[in-house]
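What follows is a set of notes on a single structure, which appears directly below.
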Amino acid sequence: MSSDAHYQSAASLVQTVQRYLTKTKSQELLIRSTTLISIYLLAFCIRLFSVLRYESVIHEFDPYFNYRSTIKLVTEGFYEFWNWFDAESWHPLGRVVGGTVYPGLMWTAAILYKVSSFLTACIKLRDICVFTAPFFAGNTAMVAYLFGKELKDTETGLVAAALMAIVPGYISRSVAGSFDNEAVAIFALTTCFYLWVCAVNRGTIASGVFAAFAYLYMAASWGAYVFISNLIPLYIIIMFFIGRYSRRLYVAYTTFWAVGGILAMQIRFIGFNHVLSNELLSWNAVFAALQVWELIVFLRAKLGDRKFGQLAYLLALGAVGAGAGAVVILIASGKLNPWTGRFWTLLDPTYAKKFIPIVASVSEHQPTTWASYIFDLHVLVFAAPAGLYFCFKKLTDGTIFLTVFALTAIYFSGIMVRLMLVAAPAFVLLSAISISNTLASASRELRLHAAATEAAKRAAAGADEDPLPSRPAANWAILGLTALAMMSYAGHCIWVTSEAYSSPSIVLISGWGPHRHVLDDFREAYYWLRHNTKPDAKIMSWWDYGYQITAMGNRTVIVDNNTWNNTHIATVGRAMASNETEAYKIMRQLDVDYALVIFGGMSGYSSDDINKFLWMVRIGGGVYPDHIKEANYLNNGDYTVSERGTPTMLNSLMYKMSYYDFGNIMTEHNKGTGYDRVRGYEIGQKDISLDHLDEAFTSEHWIVRIYKVKDLENRF
C-alpha cells in the first residue's frame with residue numbers, strides 16, 4: 001500500500017472520530033466513561049498509603065489466617081482445602097477448617113492468582129492478597145454507579161460512585177493489606193442489593209437468578225449474609241402492607257429464595273442451617289406466606305365468594321395448626337437451631353456484656369459513638385437524611401428498598417461499630433440522591449433564569465424600560481456550598497485514609513516526621529519462634545495473636561482468633577489470671593512449651609495484654625467462677641498495676657510475664673525505675689522472680705516477651 005493510501009486511511013479515521021465526537025450522546029458517553037475510569041483509579045490508589053509507607057504486607061490479625069488458607073488452597077488444591085484439618089491451631093483439639101470458614105475470599109484470591117499466572121504475570125500470591133481489597137473497592141464503586149442509576153438516573157450513579165470510592169467507613173476494611181472477608185463482602189452485598197432491585201423492577205426469573213448468584217458470593221464470603229436473608233423478607237412484608245405488592249415481587253422473591261437458598265447451602269459452613277436456623281426463619285416464612293397468598297388469590301378467582309369464605313376458614317385453621325405443629329416438632333427434636341449470641345447482641349446491645357464477654361471484649365463489637373459517624377462518614381451524615389426526604393417524595397420500589405436498607409443498617413451500625421461497613425453503602429446512595437437532586441434543581445433554575453433574562457433583554461431592546469433584574473445568587477450559593485462540602489469530604493477522606501487506616505498493626509510507628517521510628521517487634525518475635533523453637537512447640541498466648549503466630553511463626557497455638565471454643569479460651573484466661581504455680585499446672589495440662597505476652601509499658605504501645613487483662617479475667621471467671629473472681633483484681637473498683645494493686649493482681653502470671661525485670665529499667669526522665677509509659681505510673685512490684693518459667697526472648701522494644709515453660713523436676 002502506498003504512502004498516499006496510508007495518509008487517506010488515517011485522515012478518514014480522524015474524520016470519523018471527529019464526526020462521532022460532535023454528537024451530544026457520544027460526548028456524554030466519553031465524559032461518563034472517563035469519569036468512571038478516574039473514579040475506579042481513585043478508589044484503588046487512595047488505598048495504597050500503607051504499601052507506599054511501609055511495604056507490601058498483610059495487616060491486622062484475621063487476614064493472616066486467610067493468607068495461610070489461601071496458600072493451602074493454591075498449593076494443595078480445592079479438595080485438600082475443603083477437607084483440611086488444621087492440627088496447628090487449638091491444641092490439642094485442632095480445627096476442621098473446611099467446615100468452619102467462609103471460603104469466598106480465599107477462592108477469589110486463588111482465582112486471581114491463577115488468572116495472573118495464566119497471563120504470565122509474575123505476581124506473588126502475597127501481593128495478590130495485599131491488593132485484593134483495593135481492586136474490589138474499585139469494583140464496588142462501579143456497582144454503586146449502577147445502583148444509583150437504577151434508583152434514579154445516571155447523574156445519581158456518578159455521584160454514588162465518587163462517594164463510594166473514598167468513604168472512610170468502607171476504606172477502614174479495604175486498604176491494601178486488609179485481606180479480610182469484608183474486602184470482597186461489601187462488593188458482594190452491594191451487588192446483591194443492586195441485582196435484587198433490578199429483579200423487582202423487571203420481575204423476570206433471569207434477574208432473580210443473577211441476584212441469587214450474588215447472594216451465593218456473599219454467603220461464601222461473610223457471615224453478614226444473614227442481614228440480606230432478613231432484610232429482603234422485611235422489605236416484602238412492608239411492600240405487602242403498604243399496598244405495593246405485585247406479581248413482579250412474587251417472581252423475584254420466589255426465584256431468589258429457591259436458587260439462592262440452594263446455592264448458599266453448598267457452602268459447607270452453612271449447609272442445612274440455611275433451612276433450620278432461627279436466624280433465617282423470616283427467609284423461609286415469607287416464602288411460605290407468599291405461596292399461600294398466591295393460592296388464595298387463585299382460588300378466589302375460581303370460586304364464588306361463599307365457597308371461598310368457607311374454604312379460606314378451613315385453610316387458615318389448617319395452616320396455623322400445621323405451622324405450630326412443625327415448629328414444636330423441630331424444636332423438640334433439636335432440628336431448629338437456636339439464635340446465636342451474636343444475633344441477640346444485635347437486638348440487645350447489653351446482651352454480650354452480660355452473657356458473652358468474649359464478644360464484648362472485641363473493640364469492633366462496641367457501640368458506635370457520634371464521633372465515629374462523623375469520622376467515617378463526614379458530610380454524608382447530613383446528606384443522607386435529605387436523601388430520605390427525596391426518597392419519600394417520589395416513592396418507587398427501588399427507593400423503598402433503599403429506605404428499608406438504610407434504616408436497618410443505621411440501627412445495627414449504632415449497636416456495633418464494625419457494622420459501619422454495612423451502613424456506608426446506604427449512606428452513600430442516600431447522599432448521592434440528595435446531592436444529585438440538589439445540583440440538578442439549582443442548575444435547572446439557573447438555566448431557566450438565564451433563558452428568561454435573555455428573553456427579557458430581547459423584549460426590552462425595542463422599549464425604553466430596563467431589562468428584568470437578575471437574581472441567581474441563591475442557586476449559585478447552593479452550588480458553591482455543595483462544591484465546598486464535597487471538597488471538604490474529599491480532603492477528610494484522604495486524611496483519614498492516610499493517618500488512621502493505613503497503619504498495619506504488625507508494624508508500628510513511633511513519633512512524627514524526621515523523628516519517626518519503625519517498631520518491628522512482632523515480626524522479630526515470630527521470626528525468633530520459627531528459627532529457635534522446635535517445630536512441634538506449643539505456644540500459649542491470648543487469642544488475638546493466634547493467627548499471626550501460626551502463619552508467621554509456623555508454630556502450634558492453644559487458641560486463636562476463630563474463638564469457636566469459649567471454654568478453651570477461658571482456660572487460657574484462667575492461666576493468665578492465676579498465680580504462677582496454678583498457671584504452671586494448667587500449662588502442663590495443655591502441653592504448653594512457650595508463653596507469649598504483648599507488653600507496651602516500655603514503648604508506650606497501649607494495645608497490650610495488661611490493658612486486655614480484665615477481659616481475660618471476665619472470660620475465665622465466666623467458665624471458672626470458683627477460681628477466678630473479678631473483684632479480687634480490683635482495688636475498690638479500680639484496676640491498677642501500681643502499688644495499690646491487689647495481691648491477686650500483682651502475683652498473677654500476666655503481671656509477672658509483663659513486668660519481669662522491668663522494675664530495673666528507667667523509661668522516662670525524672671521518673672523512677674519501673675515507670676509504665678502506658679499506665680502512667682510506677683509498677684507496684686518491681687522485684688519479680690519466676691519459678692516455673694525462663695525468659696526466652698524479649699523483642700527490641702519489649703513489645704513481645706516470650707517465656708519457656710520449665711520441664712517437671714526430676715523426682716528421683
Side-chain angles (χ1 to χ4, degrees), residues 58 61-62 64-65 67-69 71-72 75-76 84-97 506 520-565 567-578 580-599 608-609 612 616 653-654 656-658 660-661 690-700 702-714:
I58 304 292
F61 302 104
D62 289 7
Y64 276 91
F65 169 77
Y67 176 49
R68 178 168 167 252
S69 300
I71 294 174
K72 179 81 172 182
T75 56
E76 299 188 25
W84 178 23
F85 178 80
D86 184 11
E88 293 186 4
S89 63
W90 291 91
H91 179 82
L93 306 174
R95 176 187 174 189
V96 181
V97 175
I506 199 166
D520 207 1
D521 290 45
F522 283 97
R523 292 193 293 184
E524 177 190 353
Y526 299 147
Y527 184 86
W528 184 90
L529 280 175
R530 179 185 285 265
H531 292 279
N532 294 276
T533 61
K534 295 180 180 179
D536 60 348
K538 316 299 188 300
I539 315 299
M540 185 184 80
S541 70
W542 192 231
W543 62 264
D544 290 25
Y545 322 108
Y547 280 163
Q548 287 186 350
I549 293 172
T550 306
M552 303 188 72
N554 196 26
R555 293 297 178 264
T556 302
V557 295
I558 307 301
V559 293
D560 63 27
N561 310 58
N562 187 242
T563 66
W564 67 275
N565 191 315
T567 302
H568 213 49
I569 292 176
T571 303
V572 173
R574 177 186 171 187
M576 295 292 190
S578 300
E580 188 182 356
T581 302
E582 292 299 318
Y584 181 69
K585 296 177 183 178
I586 298 172
M587 289 189 289
R588 295 300 306 177
Q589 292 173 356
L590 294 174
D591 297 330
V592 175
D593 297 304
Y594 294 88
L596 180 150
V597 294
I598 305 301
F599 173 63
D608 65 353
D609 283 340
K612 299 175 183 177
M616 303 182 197
L653 180 67
M654 174 58 68
K656 284 190 170 185
M657 288 197 299
S658 296
Y660 180 72
D661 270 352
L690 296 171
D691 299 322
H692 304 288
L693 301 172
D694 286 326
E695 182 183 9
F697 174 81
T698 296
S699 61
E700 180 182 358
W702 284 50
I703 293 177
V704 184
R705 310 199 70 185
I706 302 173
Y707 295 85
K708 180 174 175 55
V709 180
K710 293 181 179 180
D711 293 329
L712 290 171
E713 295 181 0
N714 191 339

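Numbering of residues begins at 1 and proceeds along the displayed sequence.
The backbone N or O of L690 lies less than 3.5 Å from no partner atom in the side chain of E580, so there is not a single donor-acceptor pair. Not one N or O on the side chain of Y64 forms a donor-acceptor pair closer than 3.5 Å with the backbone of M552. A donor-acceptor pair under 3.5 Å links the side-chain atoms of N565 to the main chain of H568, judged by distance alone. Using modelled atom types, no side-chain atom of E582 and backbone atom of A575 make a donor-acceptor pair closer than 3.5 Å.
No cation-pi contact links R530 to W528, judged by a cut-off of 6.0 Å to the six-membered ring centre and 45° from its axis.
Closest heavy-atom contact between K710 and Y584: O-OH, 2.9 Å.
In this view, E524 and D521, F697, S699, E700 satisfy the side chain to side chain contact (heavy atoms under 4.5 Å, CB included) rule, not counting sequence neighbours. Scored by the salt bridge (charged side-chain N to carboxylate O under 4.0 Å, His left out) test, R523 finds E55, D520 as partners (sequence neighbours excluded). Residues passing the ring pair (Phe, Tyr, Trp, His ring centres under 6.0 Å) test with Y660, sequence neighbours excluded: none. With sequence neighbours excluded, the residues forming a side chain to side chain contact (heavy atoms under 4.5 Å, CB included) with D86 are R68, W84, E88, S89, V97, listed by chain and number.
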Next on the checklist: Using side chain to side chain contact (heavy atoms under 4.5 Å, CB included), reason through L93 and W564 one step at a time and then give a plain yes or no.
Outcome noted: CA-CA 11 Å; L93 306 174; W564 67 275; 4.1 Å; yes
Item to check | Intermediate values then yes/no, side chain to side chain contact (heavy atoms under 4.5 Å, CB included), I706 and V704 | outcome: CA-CA 7 Å; I706 302 173; V704 184; 4.2 Å; yes
Item to check | Candidate pair Y707 and D694, rule side chain to side chain contact (heavy atoms under 4.5 Å, CB included), full reasoning | outcome: CA-CA 5 Å; Y707 295 85; D694 286 326; over 6 Å; no
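Residues M540 and M576 meet the side-chain proximity criterion, which asks for heavy atoms closer than 4.5 Å. Taking 4.5 Å as the limit, every side-chain heavy atom of W543 sits out of range of all side-chain heavy atoms of V572.
Listed by first then second residue, pairs satisfying side-chain hydrogen bond (donor to acceptor under 3.5 Å, both in side chains) with a partner in residues 547-560 read W90-D560, R95-Y547, Y526-Q548, T533-R555, not counting sequence neighbours.
Here the OG-CE distance, from S541 to M657, works out to 9.5 Å after rounding to the nearest 0.5 Å. For the atom pair I549 CD1 and I539 CD1, the distance stands at 6.5 Å (nearest 0.5 Å).
H692 pairs with exactly one of T581, L653, V709 by the side-chain contact (heavy atoms from CB on, under 4.5 Å) rule, that one being T581.
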Quiz: residues 586-599 side-chain donor-acceptor pairs under 3.5 angstrom, not counting sequence neighbours:
from	atom 1	to	atom 2	distance (Å)
D591	OD2	H91	NE2	3.3
D593	OD2	K538	N	2.9

